[in-house]
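First the structure, in the form of structure tokens, and then the observations on it.
Small disclaimer: the values here were computed from a predicted structure and weren't measured.
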Amino acid sequence: MKNIVLIMQIAMIFIGSIVGAGVCSGRELNQFFATYGIGGFAGLILCGLLYIVFGKLIILITDKFKVNSYNEFVDLVCPKPVAKFTNIVLTLFLLSSTSIILAGSGSIMNQYFHVPKWLGVIIMIGCSSIFLLRNTEGLFEVNSLVVPTLIVVMTAIFFAYIKDNPMTSTYSYLRLMPRQKTNLLVSTLVYVSFNILTIIGVIVPLTNELKKPKQIIKGIILGSIVLTVIGIYITFLMLVNPFHPQLYEVPLLGLAMEMNKLLQLGMLGIMWLEMFSSQVSNVYSLSYFLKNKYKVPYNKGIFLVVLIATPFSMIGFAKLVEFLYPMYGVLSLVFLFYCTLFFIKNK
């Protein structure tokens, strides 16, 4: 029974670490999959399979070589110059993501509840710190709350839309949807590598701490299946509403607003919760990095990360993200290549 609970907890952490506000908004899956027409669903299924393959590979390497954090893992599998550069960019990316989430929390609180932005930032810091101070147990607790809520809300929106628009769910209708891009395989590989590189900061410490690789691999498999189903829901909604990404900053919220107030509130809630979950995952990863690289105690690392990230949340990160995202996408593909090569050589 304990193993089943652990598998479910790992699955929820895996889902919660990948699904951020970008996925919940509909923008991310629209960009990587829905713009390829009905073929986008094949890309999503391949994406789920690759999560399992690379997730298992990372867990086995971590368990065999007793790696403690993402920087140690990158140092192990990549050549020294590549590892150094990848660790710098990954650290900057996690820090910038943390700042963006804090800024986003402030904006949501300000826009919908008319409270000052700084108060929204403090609420996010306070809530995430409570769980982060509980270490891995806190990570389990956050995702045990967020992921079931995500599944319920996304399922409700999906089926509510199909009920109101039954004709859009037919195969013949989906085939008529425009294909705006080509190179679906490249898009899928970039998306998978992008997410895998980000979540090694969570998978590696978990594998090292729990020392139950078989259960963690099963959790990744379960998480990948659920993630694929959620991805199909969102990609479908973006595919049959191709103008929503142009009309709304948050396309899924725009869609929920056209249905009913309850679904609109559900979308708002899940977006904040997913930002909260991503915040916990990012700070957890960075705190373990500081602990293993610079011997900073985990609890002190939490506050150091927040202290660095908070001022930048007030000024925005548009330019930094513009610079980091493309570089991060290329680096993540390079990382997966070296990761696979290392695994084959040391099998």
Side-chain angles (χ1 to χ4, degrees), residues 9 12-13 16-21 67-75 86-110 115-146 197-210 271-317 320-321 324 328:
Q9 287 177 324
M12 285 188 278
I13 287 173
S17 298
I18 287 178
V19 178
V67 187
N68 293 301
S69 62
Y70 72 78
N71 66 298
E72 286 187 16
F73 190 95
V74 174
D75 286 342
T86 301
N87 273 320
I88 290 168
V89 174
L90 179 53
T91 303
L92 283 172
F93 184 84
L94 290 171
L95 266 174
S96 64
S97 295
T98 302
S99 297
I100 290 162
I101 288 165
L102 290 175
S105 174
S107 296
I108 285 178
M109 292 291 186
N110 176 257
V115 299
K117 287 185 179 181
W118 60 264
L119 184 58
V121 171
I122 288 173
I123 289 169
M124 177 63 82
I125 291 171
C127 291
S128 59
S129 296
I130 290 167
F131 288 94
L132 281 161
L133 287 169
R134 290 176 57 74
N135 208 315
T136 303
E137 195 63 37
L139 198 65
F140 283 140
E141 290 165 353
V142 167
N143 288 286
S144 296
L145 164 70
V146 174
L197 182 55
T198 303
I199 65 163
I200 62 163
V202 174
I203 292 177
V204 170
L206 272 178
T207 304
N208 184 61
E209 191 171 329
L210 298 175
M271 281 192 68
W272 191 89
L273 283 172
E274 280 303 335
M275 290 167 73
F276 174 58
S277 174
S278 297
Q279 169 80 353
V280 170
S281 295
N282 287 347
V283 178
Y284 177 86
S285 301
L286 287 163
S287 299
Y288 265 93
F289 161 70
L290 290 171
K291 180 183 174 183
N292 289 288
K293 182 77 173 176
Y294 300 107
K295 310 302 178 190
V296 177
Y298 173 79
N299 287 357
K300 288 183 179 177
I302 293 168
F303 293 105
L304 184 59
V305 171
V306 170
L307 195 66
I308 295 168
T310 302
F312 291 106
S313 70
M314 302 298 176
I315 59 174
F317 257 93
L320 183 57
V321 171
L324 279 177
Y328 191 72

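Side-chain N/O atoms of Asn87 and Asp75 include a donor and acceptor closer than 3.5 Å. When only modelled atom types and interatomic distance are considered, Asn68 and Asn208 share a side-chain donor-acceptor pair under 3.5 Å.
One finds the CZ atom of Phe93 at 11.5 Å from the OG atom of Ser285 (value rounded to the nearest 0.5 Å). Atom CG of Asn71 is separated from atom OG1 of Thr91 by 7.0 Å, given to the nearest 0.5 angstrom. Between atom CZ of residue Phe131 and atom CD1 of residue Ile302 there is a gap of 13.0 Å, rounded to the nearest 0.5 Å. To the nearest 0.5 Å, the span separating CG on Leu304 from CG on Leu290 amounts to 5.5 Å. How far CG of Asn299 is from CG of Asn135: 7.5 Å, rounded to the nearest 0.5 Å. Between Leu139 atom CG and Arg134 atom CZ the span is 12.0 Å, to the nearest 0.5 Å.
Shown here for Glu274 and Gly16, the closest heavy-atom pair between the two residues is OE1-O, 3.7 Å. Between Ser105 and Met275, the shortest heavy-atom distance links the atoms N-CE, 3.1 Å. Between Leu206 and Thr136, the closest heavy-atom pair is CD2-CG2, 3.3 Å.
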Requested in this report: Starting from the C-alpha separation in whole Å, work towards a yes-or-no answer on side chain to side chain contact (heavy atoms under 4.5 Å, CB included) for Ile101 and Gln279.
Outcome: CA-CA 7 Å; Ile101 288 165; Gln279 169 80 353; 3.8 Å; yes
Query raised in the report: Hey, mind stepping through Glu72 and Asn292 against side chain to side chain contact (heavy atoms under 4.5 Å, CB included) and telling me if it holds?
Result: CA-CA 8 Å; Glu72 286 187 16; Asn292 289 288; 3.6 Å; yes
Report task. I would like to know whether Val204 and Tyr70 meet side chain to side chain contact (heavy atoms under 4.5 Å, CB included); could you show each step before the answer? Result -> CA-CA 6 Å; Val204 170; Tyr70 72 78; 5.6 Å; no
Report task. I would like to know whether Thr198 and Leu94 meet side chain to side chain contact (heavy atoms under 4.5 Å, CB included); could you show each step before the answer? Result -> CA-CA 8 Å; Thr198 303; Leu94 290 171; 4.2 Å; yes
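Among residues two or more places apart in sequence or in another chain, the side chain to side chain donor-acceptor pair (under 3.5 Å) test is passed with Ser281 by Ser17. For Tyr288, the ring-ring contact (aromatic ring centres under 6.0 Å, His included) partners are Tyr284, Tyr298, not counting sequence neighbours. Checked against ring-ring contact (aromatic ring centres under 6.0 Å, His included), Phe140 has no partners two or more places apart in sequence or in another chain.
For Thr310 (side chain) and Leu307 (main-chain N/O), no donor-acceptor pair under 3.5 Å exists by modelled atom type. When atom types are taken as modelled, the side chain of Ser129 and the backbone of Ile125 share a donor-acceptor pair closer than 3.5 angstrom. Panel note: side chain Ser99, backbone Ala309; a donor-acceptor pair is recorded below 3.5 Å.
Side-chain contact between Lys291 and Val296 is absent, with no heavy-atom pair separated by less than 4.5 Å. By the 4.5 Å heavy-atom criterion applied to side chains, Leu273 and Val142 are not counted as neighbours. Side-chain contact between Val305 and Phe289: absent, with no pair of heavy atoms (C-beta onward) separated by less than 4.5 Å. Looking only at side-chain heavy atoms (C-beta outward), Ser128 and Val283 stay at 4.5 Å or farther from each other.
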